[in-house]
Amino acid sequence: MELLFCYIHSFQSLDKCQINFGGKFIFHYDHEKNRLSIKVNEEYIADFFSSSISNVSALVGKNGAGKSAILEAILYSLGNLEISLYTDVISVFYIGTTNEIVFHGSKGLPDITWDNELKQADVIHYSRNYDWEYHLVYFTNNLYDRFNPDRKHEGNTHNLSIRADLEQRSPSSSSGGEGLISGFLNREYYRIIKMLQAGIALGDSFPFPKYISVRHNGPVDPLLEDPESDQENSPRNQLLIAISNFYDEFFKEVSAPEKVFIAQIEKMILLDFVESAKHPQSAFAIPGDIDIIPKEPGNLLSLVMAQFGSPEHYEVALQSAIELFTGKGVSYFEPFVWIPLEVFVQEKLEDFLQKLRRIQIEGTRYLTFGFSFGASGQDQFSSGELALLSMLSRFYEISDQQAMTSKEQIRDNALIIIDEGELYLHPKWQKSLISVIIDALPKIFPEVNLQILLTSHSPFVLSDLPKHKVTFLKNGRTIDPSDSSLIEHAQTFAGNIHTLLSDTFFMDNDFMGLFAKRKIDRVIADLTSSAEVTAERKSDIKKIILSIGEPIVRRKLLEMYDIRFNLGLDERLARIEKKLGL
């Protein structure tokens with residue numbers, strides 16, 4: 001089942017807004033006559049993206065053009081949500097298995113009539129409610145998105161946005177020492193790891209990482225944070241100094257990388273404990289055996305904990321770290337450790353972080369998690385690649401393989417809505433976004449008929465879509481296909497990136513940053529003025545001109561510079577006369 005058309009009468013900035021999504025049929029709604037006309041889309045190609053993705057289309061326009069408002073209108077009008085925003089929307093679906101065109105209207109619209117000149121559609125009917133299985137899945141990385149229902153999974157609507165995840169978690173709901181951001185990041189890693197270990201592979205379009213990487217951030221000596229402290233010679237601080245000195249010697253004597261990594265975690269646990277322990281100063285005596293105990297991970301921790309009579313939670317946490325960060329295939333290069341995903345046991349990571357929280361330590365304060373192709377720092381996944389992984393893992397979380405309850409699963413038909421999915425992505429990955437999505441989603445949802453709707457500011461995304469699948473927006477209204485301004489736009493599919501970027505929907509014919517434009521405008525003003533120019537300003541003008549990347553602009557300004565500053569009066573007059581044909 002595929003959403004072909006939406007008419008949004010009035011919603012936020014939208015006014016009589018019509019969107020054809022580039023499917024098998026094209027529609028136009030005449031509000032005055034209350035009439036919907038239908039015709040065949042001559043540019044339509046069946047299975048253009050894949051047999052399991054009925055369509056991929058995009059909404060394009062400047063900020064404030066109405067892209068997000070259209071998404072909200074679709075979500076609120078087609079979603080079974082407790083929040084009810086009044087939206088006058090006509091939606092038209094095509095059910096390919098039965099060759100039906102189905103009209104769905106909200107309560108605010110009267111019954112409609114239509115022109116049916118088609119023989120391809122055997123059955124056409126109109127309803128205010130639909131009884132088929134249809135899911136709406138919404139994702140955005142944008143923390144400022146406005147779609148915010150009460151729950152992440154409500155009715156047929158699944159809100160996978162980052163804001164929804166953050167808002168449904170708060171520090172008060174976190175356990176132990178885990179803060180809001182730490183908890184969010186941990187859930188991100190768990191979700192990504194589960195997807196990576198599921199065996200989904202995308203090949204060359206987006207190679208998945210082979211390792212989970214962990215970097216210790218090196219616990220900071222509390223004394224270094226406040227060197228002017230009056231308590232520098234207190235028993236507590238003397239013990240902290242002794243612990244730091246012990247590990248300084250440890251790292252000099254011990255070369256085994258796995259022992260060094262575990263000892264860094266042990267040092268973190270000990271320093272945190274001693275710094276925060278609520279004991280009288282007399283309790284912070286330096287253990288007598290500190291200079292003679294063997295340099296092995298766990299020895300100093302056991303000694304200090306025995307002195308304080310503290311619970312075994314601290315030693316248990318360290319043992320959990322040993323189980324996680326040592327074993328088959330693990331590689332080390334200070335301060336990193338790499339664990340092959342094929343042997344990585346996520347439960348061990350969850351167990352370790354849980355034990356840290358039990359002793360009031362946030363693991364992500366001292367450990368940075370990531371992913372890499374190989375066991376080296378040069379193979380680390382970038383933040384943009386992690387953003388792509390995060391998006392795909394959120395979809396995987398509601399797949400049949402992973403969803404915890406039937407309420408979270410999507411079945412039969414789904415409209416996947418991705419709002420500005422290129423956020424955080426380098427142009428290389430913006431160029432690959434559509435390819436990654438159409439490769440990954442059918443593997444994540446193998447039994448679901450998928451349709452994808454994007455909003456984008458990226459010409460790289462636009463170049464993967466035929467023009468009839470792109471809706472151009474301006475001031476809350478779509479641009480009619482017959483509009484002369486739209487006819488002048490180049491075809492988007494396989495379009496030249498520079499041509500698309502120069503389109504008025506992106507750049508208003510400006511080819512440079514506003515700051516650079518202002519600088520050049522001032523240079524031109526100085527070059528065309530008869531006012532005196534200081535020697536310093538003259539030098540600055542020359543430097544600015546030589547730094548300009550556009551060769552035509554640079555050459556013209558150099559010519560103007562020569563005329564203004566390097567030519568004598570006779571030469572200037574001669575050039576002027578030549579131009580005037582005198």
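Computed from a predicted structure; not experimentally measured.
Counting heavy atoms from C-beta on, the side chains of Ser213 and Thr368 never come closer than 4.5 Å. Inter-residue side-chain proximity for Trp429 and Leu433 is flagged as unmet; no heavy-atom pair is nearer than 4.5 Å. For the pair Glu315 and Ser302, the minimum side-chain heavy-atom distance is below 4.5 Å.
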For this session: Begin with the C-alpha distance, continue with both residues' side-chain angles, and end with the deciding distance and a verdict on ring-ring contact (aromatic ring centres under 6.0 Å, His included) for Phe284 and Phe308.
Result: CA-CA 8 Å; Phe284 292 94; Phe308 280 88; 5.4 Å; yes
For this session: Apply side chain to side chain contact (heavy atoms under 4.5 Å, CB included) to Ile437 and Ile416, showing your working.
Result: CA-CA 10 Å; Ile437 289 171; Ile416 308 290; over 6 Å; no
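Between Arg394 and Glu397 no salt bridge is recorded (no basic side-chain N to carboxylate O distance below 4.0 Å). Salt bridge absent: Glu447 and Arg411 never bring a charged side-chain N and a carboxylate O closer than 4.0 Å. Between Glu323 and Lys348 there is no salt bridge, since no side-chain N of the basic residue sits under 4.0 Å from a carboxylate O of the acidic one. Between Asp351 and Lys355, at least one side-chain nitrogen of the basic residue sits less than 4.0 Å from a carboxylate oxygen of the acidic one, meeting the salt-bridge criterion. A salt bridge is absent between Arg187 and Glu350: the closest approach of a Lys/Arg side-chain nitrogen to an acidic carboxylate oxygen does not fall below 4.0 angstrom.
Ring planes of Phe352 and Phe325: perpendicular class, angle over 60° (limits at 30 and 60°). A tilted orientation is assigned to the rings of Phe11 and Tyr76, their planes being inclined by 30° to 60°. Ring-plane geometry between Phe445 and Phe395 is classed as perpendicular, the angle between the planes exceeding 60 degrees on a 0 to 90 degree scale with a lower cut at 30.
The minimum heavy-atom distance linking Phe273 with Met305 is given by the pair CD2-CE, 3.5 Å. The two residues Ile192 and Ser393 make their nearest non-hydrogen contact at CG1-OG, 3.6 Å. Closest non-hydrogen pair, Asp464 versus Phe49, comes out as O-CE2, 4.2 Å. Nearest heavy atom pair, residue Phe206 against residue Phe381, reads CZ-CE2, 4.0 Å. Considering every non-hydrogen atom in both Tyr138 and Asp419, the closest pair reads OH-OD2, 3.7 Å.
Rounding to the nearest 0.5 Å places CG of Leu462 at 12.0 Å from CD of Gln430.
Taking the ring pair (Phe, Tyr, Trp, His ring centres under 6.0 Å) definition, one finds that Phe250 meets it with nothing, sequence neighbours left out.
Checked by atom type, the side-chain pair Thr140/Glu420 shows no donor-acceptor distance below 3.5 Å.
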